[in-house]
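Take a look at the structure set out below.
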Number of protein chains: 4
Amino acid sequence: MQNTDGLQRSETAPDRSLAVPDRLLSVATRLFAEHGFERTSVQELVAAAGVTKGAMYHYFTSKDDLLYAIYQRVLSMQMQRLNGFAAAEGPVRDRLREAAVDVVHTTVDNLDDTRIFFRSLHMLSADRQTAVRKERRQYHERFRAMIEEGQSQGVFRTDVPADIAVTQYFGAVHHLSTWYHADGELTGTQVGTYFADLFLAGLRPEAAAG
Amino acid sequence: MQNTDGLQRSETAPDRSLAVPDRLLSVATRLFAEHGFERTSVQELVAAAGVTKGAMYHYFTSKDDLLYAIYQRVLSMQMQRLNGFAAAEGPVRDRLREAAVDVVHTTVDNLDDTRIFFRSLHMLSADRQTAVRKERRQYHERFRAMIEEGQSQGVFRTDVPADIAVTQYFGAVHHLSTWYHADGELTGTQVGTYFADLFLAGLRPEAAAG
Amino acid sequence: MQNTDGLQRSETAPDRSLAVPDRLLSVATRLFAEHGFERTSVQELVAAAGVTKGAMYHYFTSKDDLLYAIYQRVLSMQMQRLNGFAAAEGPVRDRLREAAVDVVHTTVDNLDDTRIFFRSLHMLSADRQTAVRKERRQYHERFRAMIEEGQSQGVFRTDVPADIAVTQYFGAVHHLSTWYHADGELTGTQVGTYFADLFLAGLRPEAAAG
Amino acid sequence: MQNTDGLQRSETAPDRSLAVPDRLLSVATRLFAEHGFERTSVQELVAAAGVTKGAMYHYFTSKDDLLYAIYQRVLSMQMQRLNGFAAAEGPVRDRLREAAVDVVHTTVDNLDDTRIFFRSLHMLSADRQTAVRKERRQYHERFRAMIEEGQSQGVFRTDVPADIAVTQYFGAVHHLSTWYHADGELTGTQVGTYFADLFLAGLRPEAAAG
DNA sequence: TATGAATGAGCGTTCATTCAT
DNA sequence: GATGAATGAACGCTCATTCAT
């Protein structure tokens with residue numbers, strides 16, 4: 001969760017208080033998001049992190065490994081949050097709304113990670129791409145399960161597959177990284193509320209057909 | 001509109017009946033979508049297109065130029081289609097629905113272009129990124145204008161900004177390239193219909209709040 | 001003798017009244033002098049001359065051939081002028097002085113040619129380098145003969161070989177292209193007069209030893 | 001001061017006792033002098049030096065950088081020697097004569113550097129050309145100051161600007177690289193003595209006019 | 001733990017020249 | 001005479017990774 005204040009700083013000195021692996025992860029996230037994975041050389045990376053190449057290769061087996069570590073961090077964070085909302089008490093409509101707002105809010109707070117996530121997945125080794133997709137699918141399924149819960153309760157429309165609704169919603173969320181700016185008019189929570197409003201309105205049973 | 005049948009073929013021989021620039025464009029679209037822009041070398045590209053490097057540089061000033069040509073082609077095609085729906089007769093709700101279905105259908109028919117569009121925009125030179133973003137913005141604004149038209153007629157809810165609705169919808173559309181497979185269960189039109197249903201249901205005035 | 005007015009103009013349009021070969025020669029002289037032979041591409045050359053590549057290769061067998069043509073033009077011009085002074089009437093001291101002034105003046109009027117001459121000789125094919133050196137040697141020998149004539153008359157010192165004196169003088173002349181500017185304080189004739197003064201003073205018999 | 005014996009050897013094995021950067025510098029000086037800067041490929045260079053391309057780019061940022069390093073080495077060496085003569089005791093005429101002989105001797109001992117110096121200056125980046133010209137100018141001014149010292153003492157003629165005399169002399173010196181051969185009749189010191197004789201004779205006050 | 005010199009395969013691009021028309 | 005598409009070899013340079021210390 002580097003850059004939690006939402007500011008993009010190009011020449012930020014690395015936080016020397018962080019341990020070497022964390023410093024690398026934090027700097028890599030910023031640089032990969034700014035210039036892209038393939039345009040960021042290991043040399044740039046270690047220079048920006050204030051460590052040597054040797055040190056980097058001591059903690060990460062490859063540049064790819066560093067990228068994978070970024071993926072893992074964001075995947076586990078998102079899954080953890082979603083589990084919180086899914087397992088909470090209360091009507092499924094409310095829990096879904098909260099989860100929907102939260103995923104926008106969290107995405108906006110970690111825009112660099114999201115930008116990397118969708119732009120650089122194909123740069124990961126085949127094995128790791130598979131692993132990431134698998135975790136991602138589990139995340140989607142957890143979300144879908146909430147919709148299906150609502151559908152079986154008659155709270156959500158059933159004429160559109162839950163899968164489609166999830167995919168549509170996450171598509172919009174992922175796309176945030178291409179247009180959202182922290183210094184724009186809307187906060188992450190405001191965007192999340194709008195998004196969730198549209199999403200849940202779309203799911204209302206009586207809304208079918210149009 | 002290469003790949004109109006939706007099949008991904010890795011070792012397809014280039015269509016020798018096409019002129020050299022078109023052949024390059026077609027092959028580049030396939031390879032950039034399959035392996036990514038930076039993982040596709042100019043050498044691979046020209047070998048797959050059955051031309052020499054010299055020939056490629058005779059028609060395109062750089063690899064970047066080839067990428068930009070792909071962007072131009074897809075941008076102009078999309079804008080042309082949208083203009084058709086926007087300028088048609090009939091209630092705005094119907095025109096918006098048709099445009100919303102069509103953009104999904106067209107995206108699914110040109111999944112390679114879309115995959116490249118969002119994955120490789122950051123690989124374009126700064127000038128060209130700006131040019132692409134500008135054209136893209138115009139496209140969004142054309143779509144937004146239809147929503148605003150409906151809002152002023154009382155057909156669509158006004159408590160969510162039209163901008164947010166557009167962004168959310170196109171986010172979902174762009175995301176298609178990360179999960180849609182032509183050989184899956186749903187056709188492009190089916191997905192488009194579901195997407196448009198959810199989208200328009202979300203916009204209905206009485207749907208507000210939830 | 002392009003650029004006879006001494007002005008350096010980077011974007012001069014080619015003189016369309018000149019025949020194609022002359023136009024190429026004139027443009028090539030300017031571009032080779034400005035950017036160097038190897039930094040000037042055939043494409044640039046023909047574009048600047050307003051002809052096509054095919055036309056160029058119709059008149060010159062290669063880029064090297066174009067360079068050689070420049071060498072021949074300047075060599076024959078210099079030799080012709082020197083012959084004029086050498087064959088004239090009057091004391092050898094006067095004829096040598098006039099030739100010495102003239103070679104500076106002519107060099108200054110054709111600075112582009114001189115710049116190319118010494119900078120790009122090694123870019124010529126081996127055969128042509130030999131040919132150029134041979135012609136150049138003949139030129140030197142013609143000049144040296146005048147000095148030897150003066151030495152045998154007792155007009156010039158004999159304790160320094162005529163060869164050394166010639167080489168020293170032409171070294172200085174060639175070097176003009178690295179420092180002389182047409183818009184500086186001195187005209188070509190002024191520089192020539194100073195050079196000839198120093199040169200002839202150095203050759204006076206009583207000047208020996210110092 | 002590579003090549004101190006004055007022999008040109010095309011296939012000399014690199015001196016493996018030298019450190020990698022020195023080996024590259026030494027080999028580059030020989031190759032650039034033999035074939036010219038642009039005709040010498042980095043591949044040839046590193047093969048001749050017995051290192052890999054990667055190693056070369058570890059020490060030099062570019063081929064241009066290697067060329068610049070050669071310029072720096074020769075510039076600093078020349079300036080150092082001139083300063084020695086200029087700052088010495090004794091009549092200015094003697095000091096100037098010694099400096100004039102020495103610059104010939106040194107040039108002859110480092111003919112490769114001199115050949116590169118004047119042939120390839122235009123291949124250097126604009127910034128570096130400026131830097132080299134500036135250092136060169138300082139060198140000239142140091143030399144000129146000695147002549148002006150003699151002029152103000154009445155030892156040298158004043159009817160020819162000191163600047164002209166310096167330029168003429170160095171022109172001749174630089175030109176050595178186009179004709180002097182170590183295996184010819186004259187040693188560097190002999191040529192230097194002749195050159196200095198002519199030069200100083202030309203500067204004698206009573207020699208004016210002729 | 002950490003260094004940084006060295007590797008070597010591969011990159012995008014240039015360019016003088018050819019040749020069917 | 002003149003065209004310009006096409007060639008193909010070579011170019012300068014980058015870079016993730018290794019390894020002796």
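Note that the structure is predicted; figures quoted are calculated from it, not measured. Numbers restart at 1 for each chain; the letters A, B, ... are given by sequence-line order, proteins then strands.
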ask   = Atom CZ of B/R23 to atom P of F/dA5: distance rounded to whole Å?
value = 15 Å
Side chain of B/A55 (C-beta onward), nearest among F/dA5, F/dT7, E/dA16 = F/dT7
Phosphate OP1/OP2 of E/dC11: any B/S41 side-chain N/O under 4.0 Å = yes
request  = Tell me which nucleotide among E/dC15, F/dT7, F/dA5 gets nearest to the side chain of B/H58.
outcome  = F/dA5
note = When rounded to whole Å, the CD to C1' distance for the pair C/Q43 and E/dT14 reads 12 Å
message = Looking at the base of E/dT17, is there any donor atom on it, or on the side chain of C/K63, that sits under 3.5 Å from an acceptor on the other one?
response = no
request  = Take the angle between the ring planes of B/F32 and B/F37 and call it parallel below 30°, perpendicular above 60°, tilted in between.
outcome  = perpendicular
ask   = Quick one: on DNA chain F, does B/G54 or A/G54 contact a more 5' nucleotide (nearest heavy atom)?
value = B/G54
query = So, is D/Y57 near the phosphate of F/dT14, with a side-chain N or O under 4.0 Å from OP1 or OP2?
reply = no
inquiry  = From CG of D/L45 over to C1' of F/dG12, roughly how many Å is that when rounded to an integer?
reply    = 12 Å
inquiry  = Could you tell me how far apart A/D64 (CG) and F/dC15 (P) are, to the nearest whole angstrom?
reply    = 17 Å
message = How many whole angstroms separate atom CG of B/L31 from atom P of E/dC11?
response = 13 Å
message = Nearest whole Å is fine: how far is F/dC15 P from A/K53 NZ?
response = 10 Å
Pairing annotation in dot-bracket form, given for DNA chain F with Watson-Crick or G-U pairs under 3.5 Å and | for cross-strand partners = .||||||||||||||||||||
inquiry  = Without decimals, in angstroms, what is the distance between C/E38 CD and E/dT14 C1'?
reply    = 15 Å
ask   = Below 4.0 angstrom from OP1 or OP2 of E/dA2, is there any side-chain N or O of A/Y59?
value = yes
request  = Describe the nucleic acid contact of B/V42 in one word from base, sugar-phosphate, nothing, applying a heavy-atom distance below 4.0 Å.
outcome  = base
ask   = Does A/S125 offer a backbone N or O that forms a donor-acceptor pair with the side chain of A/D64 under 3.5 Å?
value = yes
query = Nearest 0.5 Å, what's the CG-CZ distance between D/L45 and D/R30?
reply = 9.5 Å
query = Between atom CZ in D/R39 and atom C1' in E/dC15, what is the gap in whole Å?
reply = 13 Å
